[in-house]
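Inspection log for the structure reproduced underneath, given as structure tokens.
Predicted model only: the values in this text are computed from it and were never measured.
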Number of protein chains: 2
Amino acid sequence: MAQKTQFDMQTFFQALGDNTRLRLLNLMGEQEVCVCYFVEILDAPQPKISRHLAYLRNAGIVSARREGKWMHYRIVMPFHIGATHILRQTLDWLKEDKAMQADRARLTRACCSPAKYDLDGAPLPVAVECCEVCR
Amino acid sequence: MAQKTQFDMQTFFQALGDNTRLRLLNLMGEQEVCVCYFVEILDAPQPKISRHLAYLRNAGIVSARREGKWMHYRIVMPFHIGATHILRQTLDWLKEDKAMQADRARLTRACCSPAKYDLDGAPLPVAVECCEVCR
DNA sequence: GCTACATATACGCCAAGGCAAATATATGTC
DNA sequence: GACATATATTTGCCTTGGCGTATATGTAGC
């Protein structure tokens with residue numbers, strides 16, 4: 001699929017205008033995360049998670065990678081440089097939010113003891129290499 | 001009304017997720033604009049303009065000021081510093097868009113010859129003083 | 001008061017998008 | 001092939017929020 005001539009701002013902001021999707025983005029941050037972790041941490045039905053991830057994917061904000069049974073999602077910083085800056089700013093903003101911090105803490109705990117979270121055998125999140133905007 | 005303890009990101013992004021509202025923000029930029037100018041430049045029904053301005057006002061992104069029969073709207077940069085940065089970044093991004101540039105050009109022309117645009121007597125947009133983030 | 005003008009809100013309609021529950025589609029293992 | 005697991009999609013329901021039209025509100029001038 002050819003790249004769109006002009007990145008659609010409306011779609012971009014609509015994708016960010018939902019709290020569940022913001023929580024997902026917050027958990028991804030700089031790492032690639034397996035769907036099963038999202039389900040555990042957000043404590044939400046799996047279809048709900050998948051739906052929101054699909055929404056983010058359609059908006060061009062995340063990309064998916066299959067590894068056997070598991071799907072990994074990570075934030076992509078492509079398209080427009082302005083969108084990239086806004087996305088980075090948004091992620092920084094999320095880090096200040098108490099509820100978002102709690103989500104991240106839960107993710108860390110889950111990674112340390114997957115068995116306690118029904119995540120035994122699931123692939124751990126892995127850090128993704130930084131893009132040019134990360135500095 | 002007391003200030004909200006935590007600025008609502010979801011509401012903020014939802015407000016930005018509409019093309020009409022982005023056009024309005026683009027026209028405001030660094031100036032305070034009368035509703036009648038929006039109606040002329042966007043060539044849209046007046047209730048539609050008012051509805052979207054109300055949406056932006058409820059989201060805390062613009063403020064309104066009455067001057068006789070006329071209402072002036074301007075962008076406000078309050079709330080959260082992160083939101084302010086995102087908003088500024090968004091406005092810069094809008095400036096690169098061809099359609100948005102055309103809107104701004106039309107606004108300039110309308111200001112130069114209001115009579116041609118059914119805007120005789122309407123108050124011209126006025127520049128607003130910069131906030132600390134403008135640098 | 002009445003009238004004109006600028007703007008805001010209410011109404012009815014329709015599409016987008018949230019949700020939960022059910023079902024379909026990989027993939028891996030036997 | 002059958003079966004289990006991980007994830008995606010479909011279905012039906014309901015809310016939000018676009019739109020245009022009609023109406024209400026606020027202000028100015030008489």
Side-chain angles (χ1 to χ4, degrees), chain A residues 8 10-24 28 32-59 61-74 110 114-115 117-125, chain B residues 8 10-24 32-59 61-74 110 114 117-125:
Chain A
D8 185 1
Q10 179 173 310
T11 303
F12 175 71
F13 285 123
Q14 280 172 350
L16 297 181
D18 178 273
N19 199 53
T20 301
R21 291 194 286 272
L22 289 173
R23 291 179 74 188
L24 291 172
M28 283 181 260
E32 191 186 53
V33 182
C34 174
V35 173
C36 52
Y37 274 88
F38 292 132
V39 174
E40 263 303 305
I41 305 303
L42 298 201
D43 193 27
Q46 172 267 321
K48 173 173 171 176
I49 303 291
S50 278
R51 200 169 353 102
H52 284 290
L53 286 170
Y55 198 114
L56 289 171
R57 190 150 34 85
N58 289 332
I61 297 180
V62 307
S63 69
R65 180 177 66 85
R66 178 175 284 281
E67 181 189 339
K69 300 185 290 189
W70 294 282
M71 291 290 283
H72 301 262
Y73 283 81
R74 51 172 291 186
Y117 290 83
D118 279 325
L119 289 167
D120 235 356
L124 285 167
Chain B
D8 185 1
Q10 177 172 311
T11 303
F12 176 71
F13 285 122
Q14 281 172 349
L16 297 180
D18 178 273
N19 199 54
T20 301
R21 291 195 286 272
L22 289 173
R23 290 179 75 189
L24 291 171
E32 190 187 54
V33 182
C34 174
V35 172
C36 51
Y37 273 88
F38 292 133
V39 174
E40 264 302 306
I41 304 304
L42 298 201
D43 193 27
Q46 172 266 321
K48 173 173 170 176
I49 303 291
S50 279
R51 204 163 353 102
H52 283 291
L53 286 170
Y55 198 114
L56 288 171
R57 190 150 35 85
N58 288 334
I61 297 181
V62 307
S63 69
R65 180 178 64 85
R66 178 174 284 280
E67 181 190 339
K69 300 186 289 189
W70 293 282
M71 290 290 283
H72 301 261
Y73 283 82
R74 52 172 291 186
Y117 290 83
D118 279 327
L119 288 168
D120 235 357
L124 285 166

| request: For A:Tyr55 and for B:Ala54, locate the closest nucleotide of DNA chain C by heavy-atom distance; then report the residue assigned to the nucleotide nearer the 5' terminus. | output: B:Ala54
| said: For A:Pro47 and A:Lys69, find the nucleotide of DNA chain C closest to each by heavy atoms; which residue's nucleotide sits nearer the 5' end? | reply: A:Pro47
Identify which nucleotide among [options] has an atom closest to any side-chain atom of [X], counting heavy atoms from C-beta outward.
X       : options                : result
A:Met71 : D:dT7, D:dG20, C:dC19  : D:dT7
B:Cys36 : D:dT7, C:dT7, D:dC19   : C:dT7
A:Arg66 : C:dT27, C:dG18, D:dG18 : C:dT27
B:Pro45 : D:dC19, D:dG20, C:dT7  : D:dG20

| request: Can you check whether any acceptor in the base of C:dG18 is under 3.5 Å from a donor in the side chain of A:Arg21, or vice versa? | output: no
| query | Going by modelled atom types, is there a donor-acceptor pair between the base of D:dA6 and the side chain of A:Gln46 at under 3.5 Å? | reply | no
Measure from [atom1] on [X] to [atom2] on [N] and round the result to the nearest Å.
X       : N      : atom1 : atom2 : result
A:Trp70 : C:dG28 : CH2   : C1'   : 9 Å
A:Gln10 : C:dG17 : CD    : P     : 9 Å
A:His52 : D:dA8  : NE2   : C1'   : 14 Å
A:His72 : D:dA6  : NE2   : P     : 12 Å

| task | Give one of base, sugar-phosphate or nothing for A:Phe38, where a contact means two heavy atoms less than 4.0 Å apart. | result | nothing
